[in-house]
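What follows is a short report on a single structure.
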Number of protein chains: 2
Amino acid sequence: MPAVEPKRDTQTLKALLGVRDLVLGGGVGAGERLSEIALAQTLGVSRTPLRAALSRLEQEGLLELIPSGGYAVRSFTTADVFDAIELRGVLEGTAARLAAERGVPPARLAQMKRLLAELDNTFRDRLEDMLFDRYVELNAEFHAALAALAGSETMRREVERATHLPFASPSAFLEGQEDVPAFRQSLIFAQRQHRDIVSAIEMREGARAEALAREHARLARHNLDFVMGQDRSLMRRVPGLALVSE
Amino acid sequence: MPAVEPKRDTQTLKALLGVRDLVLGGGVGAGERLSEIALAQTLGVSRTPLRAALSRLEQEGLLELIPSGGYAVRSFTTADVFDAIELRGVLEGTAARLAAERGVPPARLAQMKRLLAELDNTFRDRLEDMLFDRYVELNAEFHAALAALAGSETMRREVERATHLPFASPSAFLEGQEDVPAFRQSLIFAQRQHRDIVSAIEMREGARAEALAREHARLARHNLDFVMGQDRSLMRRVPGLALVSE
DNA sequence: AGGATACACACTGTATACAATAAATGTCAA
DNA sequence: TTGACATTTATTGTATACAGTGTGTATCCT
């Protein structure tokens, strides 16, 4: 998802979501060229909105321009994925630090705490019973709210952009793994980090807020390591992971 | 400039550069809507490549989508400008830190040192005689090389993107101010910081490299403060500064 | 048989025409 | 005189046609 999703655009949005799903779903391999007319037919849109979507996905980092013209699916190294996660952590950390240093309006802080409480409510006594989808949804909301906490539109835009970099999403390695116990346990830890980040911001502890947010992003890296090292059968279930070469 | 500038595109590139110059040059005011047909006529291109350029500039952060359709020039607050500079510092700092932590191939390091030497060569005994344009050019090269030093394409792309955020460019507040003595003096300080960053990377001092790069970006903020506070007549000479409201 | 050149095909980049929607203006009524 | 509604205008989003260019293949020459 890009920083700001166009709403009413039916055709362009259709193309955007369609191509993204196709690429992340493994419909086209890494490095493969995308034929515009073929894609247009497949997705049921004309070339014009399709090209708009392709251009967008290129700036998003999912596609690359071919020197001779046209677009191809980017191929990623593990370093790319690690760095995308690192970037998200760094940017969210910066947003958290600035929020702490500058202070946030009480209403905003209350909203963050409400999100924390709602996240708590997704947990159950038995870990298997937790409301996983609801957690993923609220988690995305939390991170979006965090991006806006520093105050400026530019900061919000760019932090949210980093959040939607390929493989860097807070829920990138969550979906499709609800039934792995280790993942569910890591969510308890993640929620504790959420609380600590908000607490640090409230207490104006900028450096701590930054460090916590950075470390929080590292959870995604741990999950990635687990998926790629421990159990390669999981790789098929993580969207787009087939695009990672090594 | 976007992260990767399309080369052979004559019409789209023409539109991209044309609109950017028009907006940054003050041809259209902040918040003003951009009429596609009027722009197309002005720039001598058709609407198709123009729309591609507008979409690009929207993701660059210079324009914004109007809910009812079309694009408008974004209006910026001083907070936006500050945060854009801060973001560049943070991202360049991250690139520098990762480069230090991971180590850089000797050839790359040698290239950085060569750039440092060339930057040195732009200075003269009398500060007024320095090769200002050459310095700006080499400075841009230095920052581009720094972005690539961490190793991954994703990191390079995103750092370079931050470098081209509105008002965040390393040379944003340099051009058009060659004749202000205080600015020339600050360049001596900046070049010292360049050396220290490379040195820190070479000695694998990640935290120091990050801190130095962050502080280095602050020079732009100092320059901004100077331009806006001290001498408002300079504001007219800095591209796009008319888009900043307060 | 291998390589180079030429031709044909396919695909992208661009222009323009069309349709749908939002904005603006004018008129009618209260 | 002001407000609301309808009509007209303008502008964007979309589709398609065209042209230029790169790529692949086949044939011919060495």
Side-chain angles (χ1 to χ4, degrees), chain A residues 1-23 27-60 62-74, chain B residues 1-23 27-60 62-74:
Chain A
M1 261 172 282
V4 52
E5 198 84 48
K7 290 156 243 306
R8 83 210 127 36
D9 274 352
T10 44
Q11 294 303 82
T12 299
L13 188 60
K14 188 176 173 184
L16 190 67
L17 299 177
V19 176
R20 200 187 290 145
D21 284 357
L22 206 63
V23 172
V28 285
E32 198 170 320
R33 183 177 192 151
L34 295 174
S35 167
E36 293 182 3
I37 44 274
L39 262 185
Q41 279 186 336
T42 303
L43 300 174
V45 295
S46 131
R47 278 184 60 214
T48 305
L50 173 64
R51 282 176 64 83
L54 292 177
S55 165
R56 227 193 156 91
L57 290 170
E58 186 262 330
Q59 283 149 340
E60 223 172 274
L62 197 63
L63 307 180
E64 64 184 358
L65 277 135
I66 298 176
S68 66
Y71 297 91
V73 179
R74 252 184 86 188
Chain B
M1 260 174 281
V4 52
E5 197 83 50
K7 292 157 240 305
R8 80 208 131 36
D9 274 351
T10 43
Q11 295 303 84
T12 299
L13 189 60
K14 188 177 174 182
L16 189 67
L17 299 177
V19 176
R20 199 186 290 146
D21 284 357
L22 205 63
V23 172
V28 284
E32 198 170 322
R33 184 177 192 153
L34 295 173
S35 167
E36 293 182 3
I37 46 277
L39 262 186
Q41 281 186 334
T42 304
L43 301 174
V45 294
S46 129
R47 277 184 61 213
T48 305
L50 173 64
R51 281 175 66 85
L54 292 176
S55 164
R56 225 194 157 91
L57 290 170
E58 187 263 331
Q59 283 148 340
E60 222 173 276
L62 197 63
L63 307 180
E64 63 185 359
L65 278 136
I66 299 176
S68 67
Y71 297 91
V73 178
R74 252 185 86 189

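Just so it is clear: chains get the letters A, B, ... in the order the sequence lines come, proteins before strands, and each one is counted from 1. Quick caveat: nothing in here was measured; it's all calculated off a predicted structure.
Here B:Arg51 reaches the OP1 or OP2 of D:dG13: one of its side-chain N or O atoms lies under 4.0 Å away. At C:dT14, one or more side-chain N or O atoms of B:Thr12 fall inside 4.0 Å of OP1 or OP2 (strictly under the cut-off).
Distance check, rounded to the nearest 0.5 Å: CD of B:Gln41 to CG of B:Leu50 gives 11.5 Å. For the atom pair A:Leu13 CG and A:Arg56 CZ, the distance stands at 9.0 Å (nearest 0.5 Å).
Rounded to whole Å, the distance from CG on A:Leu39 to C1' on C:dC11 is 13 Å. Protein atom CG of B:Leu13 is 13 Å distant from nucleotide atom P of C:dG13, rounded to whole Å. D:dT14 atom C1' lies 18 Å from atom CD1 of A:Ile37, rounded to whole Å. Rounded to a whole Å, the CD atom of A:Glu32 is 13 Å from the P atom of C:dC11. Computed from coordinates, the B:Ile66 CD1 to C:dA23 C1' distance equals 12 Å when rounded to whole Å. Atom CD of A:Glu36 is separated from atom P of C:dA10 by 16 Å (rounded to the nearest Å). Atom CD in B:Gln41 sits roughly 14 Å away from atom C1' in D:dA10 (whole-Å rounding). Here the P atom of nucleotide C:dC11 and the CG atom of A:Leu65 are 18 Å apart, to the nearest Å.
The nucleotide whose nearest atom lies closest to any side-chain atom of B:Arg33 is, among D:dT16, D:dT11, C:dT14, D:dT11. Nearest nucleotide to the side chain of A:Ser35, out of C:dT14, C:dC11, D:dA15: C:dC11. Distances from the side chain of A:Gln11 to the nucleotides D:dA15, D:dT16, C:dA15 place D:dA15 closest. Comparing atom distances between the A:Thr10 side chain and each of D:dT11, C:dA15, D:dT14 picks out D:dT14 as nearest. The B:Ser46 side chain lies nearest to C:dT14 when the options are C:dT12, D:dT11, C:dT14.
Of the two residues contacting DNA chain C, namely B:Arg47 and A:Tyr71, the nearest-nucleotide position lying further toward the 5' end is that of A:Tyr71.
Checking A:Leu43, A:Leu16, A:Val45 one by one against A:Gln11, the side chain to side chain contact (heavy atoms under 4.5 Å, CB included) holds for a single residue, A:Val45.
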**OP:** Could you give me the CA-CA distance, side-chain angles and deciding distance for A:Glu60 and A:Arg20, then say whether salt bridge (Lys or Arg N to Asp or Glu O under 4.0 Å) is met?
**Re:** CA-CA 10 Å; A:Glu60 223 172 274; A:Arg20 200 187 290 145; 3.3 Å; yes
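Counting non-hydrogen atoms under 4.0 angstrom, A:Leu34 reaches the backbone sugars and phosphates but no base. At a threshold of 4.0 angstrom between heavy atoms, the contacts of B:Leu50 with the nucleic acid are absent.
At a cut-off of 3.5 angstrom, counting only N and O atoms as typed in the model, there is no donor on one side facing an acceptor on the other between the side-chain of B:Ser68 and the base of C:dA22.
A salt bridge links A:Glu36 with A:Arg47: the distance from a Lys NZ or Arg NE/NH1/NH2 to an Asp or Glu carboxylate oxygen falls below 4.0 Å.
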